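Worksheet: the structure to be examined is printed underneath.
We count ligands from 1, going down the list as the structure has it; atoms in each ligand are counted the same way. Everything quoted here is computed from the prediction, not taken from an experiment.
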Amino acid sequence: MIPPVRLISEAAELAARRHNGMARKGRGNEPYINHLAEVANLLATATDGTDAELVAAGWLHDAIEDTKTTREELAQKFSERVASLVVECTDDMSLPKAERRRLQIVDAPKKSPGAKLIKIADKVSNIGARIHSDPSAAERDDLVDYTNWAEQVVAGCRGGNQWLDKTFDDAVRTARASL
Ligand code: ZN
């Protein structure tokens, strides 16, 4: 077992290297690592620092989907559970976007408790990045579309952590109030 502080700091470092140079979607062209830091921190807060593997998986949740990182590598460097959590949060990128989105809604209730929390934290972060102070019509449409879809995914993930459920609801409320 890797000590918890090392587990998380090594996950953060690997994520920073693998996502280097990528920008996140939404406001201000922020570096992708900001999204991963936000998701990891939401998970650390939600679980009050009691689940290092979950926080490490938060740092790494997009690594298989968006970078050359494999399940085997994560299992070997971190743990079997960290690898499984990341796999559960990985979409099949060979499918068209509409189908990937549909599958996220259908598959959400079948996910493990930890993966459900990562999914909710991911949606909180992605909604937040889409809120603009003076949105264009396209930005407005994107926020409406993303928030409506995220609500359907999160409906299948709720109930594991009250604080995270509430944080998601607050993000949705803030998003709709910004329109
Ligand atoms: Zn993400």
Return yes when atom CD of E30 has more than 12 non-hydrogen atoms of other residues, nucleotides or ligands closer than 6.0 Å, and no otherwise. yes

Counting only protein N, O or S atoms (no waters) closer than 2.8 Å to the Zn ion (ligand 1) gives 4

According to the interplanar angle, ranging from 0 to 90°, do the rings of H19 and Y32 count as parallel (below 30°), tilted (30 to 60°) or perpendicular (above 60°)? parallel

What are the two closest heavy atoms between A56 and V82, and how far apart are they? CB-CG2, 4.4 Å

Worked check of side-chain hydrogen bond (donor to acceptor under 3.5 Å, both in side chains) between S84 and R71: CA-CA 8 Å; S84 301; R71 178 193 216 291; 3.0 Å; yes

Taking NZ, NE, NH1 and NH2 as the nitrogens, is one of them in R24 or D62 under 4.0 Å from a carboxylate oxygen of the other? no

Minimal non-hydrogen separation, F78 against L60, with atom names: CE1-CD1, 3.7 Å

